[in-house]
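Presented below is the structure to which this report refers.
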Amino acid sequence: MTTPFHYEPGAATGPVPPPECPAHGLGIGPGGLRRFYGPEAEQDPHGLYDKLRAEHGSVAPVLLHGDVPAWLVLGHSENLHMTRTPSQFSRDSRRWRALQDGSVAPDHPLAPIFTWQPICVFADGATHERQRGAVTDSLNRIDTRGVRRHVNRYSNRLVNDFCREGRADLVSGFAERLPMMVMCAILGMPEEYNDRMVQAARDMTRGTATAVQSNAYVLAALSRLVERRRREPADDFATWLVEHPADMNDQEVAEHLRLILIASYEATTNLIANVLRMVLTDPRFRARLSGGHMTVPEAVEQTLWDEPPFTAVFGRWAVGDTELGGQRIKAGDAMIVGIAPANTDPVVRPDLNANMEGNRAHLAFSGGPHECPGQDIGRAIADVGVDALLLRLPDLELAVDESELTWVGNIMGRHLTQLPAEFASRPPQDDREPPSMGKPNPARQDWEVQSAVRHTAPIPVRASVPSEPAGTAPTGATVAADGSAAAPGEATGLIPQQRRPAAPARMWRVVTRWWNGH
């Protein structure tokens with residue numbers, strides 16, 4: 001068992017490399033601890049995980065921005081224990097000793113991530129249950145089929161923007177835009193969707209000098225939405241949260257909307273980009289996908305193991321002195337959920353080339369009581385978005401050598417900067433305004449993709465009934481679930497008339513002809 005941090009802010013006991021020392025380029029900070037930020041962490045995170053695992057085991061001391069110490073949890077089982085035991089590892093960032101002693105300033109680059117807010121992410125116990133209950137109840141009101149129709153139409157709308165060009169950057173032109181379009185519609189603020197919102201959402205989690213300003217921009221837009229929904233309720237997520245019996249105040253609602261928007265956006269953007277990169281750079285992956293040996297949802301699940309959208313989540317804070325992975329943790333120590341290193345832990349995944357498509361034991365959405373409640377929405381956006389793109393542009397090819405692809409990294413993730421692709425030029429397709437997120441859906445159109453990831457309740461079918469005996473619905477009418485007739489084109493909320501008569505109708509026609517001697 002090793003000792004706790006031998007380096008505390010302002011009181012290093014180990015050697016501090018001078019500026020010209022090569023150790024600076026290797027990400028070594030005061031006390032000889034490795035930095036969890038900077039060039040090495042951004043360019044080769046998996047190499048850093050391997051070094052930390054070899055040096056410290058399943059729990060390793062690291063340095064955050066400003067060389068503030070924290071513990072990075074590398075082991076799969078250790079991460080599960082930490083996320084499932086809030087009595088030992090709390091989500092309340094006010095416990096952090098670095099905040100209490102002033103080592104971390106309010107304008108720290110990671111402030112948008114760790115600054116305490118009155119939301120479920122920073123709460124435990126009864127408060128967490130009340131706030132998260134409001135979120136999950138509101139998420140359950142979302143019409144998942146409607147979301148898929150939104151994704152389909154928005155995907156086709158984005159493809160229409162570049163399909164004539166024969167070339168596109170699938171990160172900036174598709175992966176970064178689709179999730180924000182869909183999430184703004186779900187929340188009830190489609191008018192706020194613009195380039196500035198996309199840029200702010202990407203910036204505020206990267207630990208940049210402008211992260212605080214980007215956070216303020218997003219929160220201001222959401223606060224305007226909450227005020228409007230107090231006055232003018234609508235059929236959207238913001239209204240459901242405002243009207244929930246949990247009786248959250250305006251600040252609580254706005255902060256939860258920010259949490260859902262940014263977490264869903266960032267995770268889904270990275271997930272879409274990572275899946276598309278695999279399609280364009282791994283011939284075996286693409287062959288299995290195009291050959292029907294792997295569905296798009298299975299491809300998404302494999303990517304969640306290999307390239308999770310969030311590589312780490314900061315953080316948890318030790319409630320008291322404890323032990324984890326052979327390390328002595330002090331009360332108030334900061335902990336980092338190591339999602340990517342946990343997914344490659346040799347204990348649970350000795351062969352990194354093994355097929356993991358049907359296995360959801362990964363930690364891509366964290367675990368325990370704070371596991372991401374909106375993960376199915378993110379999966380739906382990625383599933384249908386990727387499927388729709390590949391349906392429209394099946395001849396996509398990478399336009400540059402794979403070695404030219406670059407990433408921007410931070411404490412939470414590794415973001416592909418560009419994914420240039422080429423394809424045959426083709427004309428745009430028609431797209432129409434999608435239905436409401438919270439109401440029954442109109443009929444599915446022929447060009448829509450429905451890549452379901454979970455079973456849903458069957459919808460009553462209305463079928464064409466040609467040439468029936470007297471007393472039945474006329475030819476071309478539709479029949480509701482209760483047997484009553486509906487006029488052609490009447491909105492009954494059921495699926496549309498089929499291209500061919502239903503099997504019973506065809507059988508009835510054959511029997512009638514035989515009876516009449518034809």
Side-chain angles (χ1 to χ4, degrees), residues 136 138-160 170 174-190 193 235-237 240 260-261 263-265 267-276 279 289 294-301 303-304 309 360 364-365 372-394 429-461 491 493-496 498:
T136 53
S138 299
L139 285 171
N140 289 336
R141 293 185 62 177
I142 295 175
D143 176 14
T144 306
R145 294 168 65 95
V147 170
R148 291 177 176 275
R149 291 187 178 92
H150 271 72
V151 177
N152 225 310
R153 286 184 172 89
Y154 287 151
S155 297
N156 279 278
R157 188 172 302 171
L158 289 171
V159 174
N160 284 346
L170 298 182
F174 191 81
E176 288 187 345
R177 297 187 177 277
L178 178 61
M180 184 59 73
M181 295 174 78
V182 177
M183 290 309 302
C184 282
I186 289 176
L187 266 58
M189 46 183 265
Y193 168 76
D235 192 26
D236 54 39
F237 187 88
W240 302 333
I260 294 162
L261 174 65
S264 300
Y265 169 76
T268 310
T269 293
N270 292 338
L271 181 56
I272 292 173
N274 291 340
V275 173
L276 292 176
V279 170
L289 186 61
M294 176 174 61
T295 65
V296 172
E298 288 173 338
V300 168
E301 218 61 42
T303 306
L304 288 171
R360 288 196 175 187
F365 298 105
C372 176
Q375 57 185 273
D376 285 342
I377 299 297
R379 280 189 173 98
I381 297 174
D383 291 347
V384 182
V386 170
D387 213 355
L389 176 66
L390 296 180
L391 180 65
R392 287 284 303 275
L393 306 175
Q429 289 187 0
D430 178 50
D431 57 66
R432 287 169 289 176
E433 285 301 315
S436 167
M437 283 295 183
K439 292 184 176 180
N441 315 296
R444 174 180 182 268
Q445 302 301 317
D446 294 339
W447 53 266
E448 288 185 342
V449 180
Q450 299 285 346
S451 299
V453 294
R454 61 180 182 183
H455 295 291
T456 56
I459 296 178
V461 178
L494 306 180
I495 69 172
Q498 303 297 310

For V275, does its backbone N or O pair with a side-chain atom of T303 as donor and acceptor, under 3.5 Å?
no
Is the shortest heavy-atom distance from the side chain of V386 to the side chain of V300 under 4.5 Å?
no
Under a 4.5 Å cut-off applied to non-hydrogen side-chain atoms, are R379 and L304 in contact?
yes
Considering all heavy atoms of both residues, which atom of M183 and which atom of I377 are nearest to each other, and what is their separation?
SD-CG2, 4.5 Å
With sequence neighbours left out, what residues match E298 under salt bridge (charged side-chain N to carboxylate O under 4.0 Å, His left out)?
none
If we only count heavy atoms from C-beta on, is the F174 to V159 side-chain gap below 4.5 Å?
yes
All side chain to side chain contact (heavy atoms under 4.5 Å, CB included) counterparts of R177, not counting sequence neighbours
L158, Y193, D195
Do you know which two heavy atoms are closest between V384 and R148, and how far apart they sit?
CG2-NH1, 2.9 Å
Is there a side-chain contact between D236 and L187, using heavy atoms and a 4.5 Å cut-off?
no
Side chain to side chain, V279 and L289, heavy atoms closer than 4.5 Å
yes
For the residue pair L271 and A382, what are the closest heavy atoms and their distance?
CD2-CB, 3.7 Å
For the residue pair P179 and I272, what are the closest heavy atoms and their distance?
CG-CD1, 4.1 Å
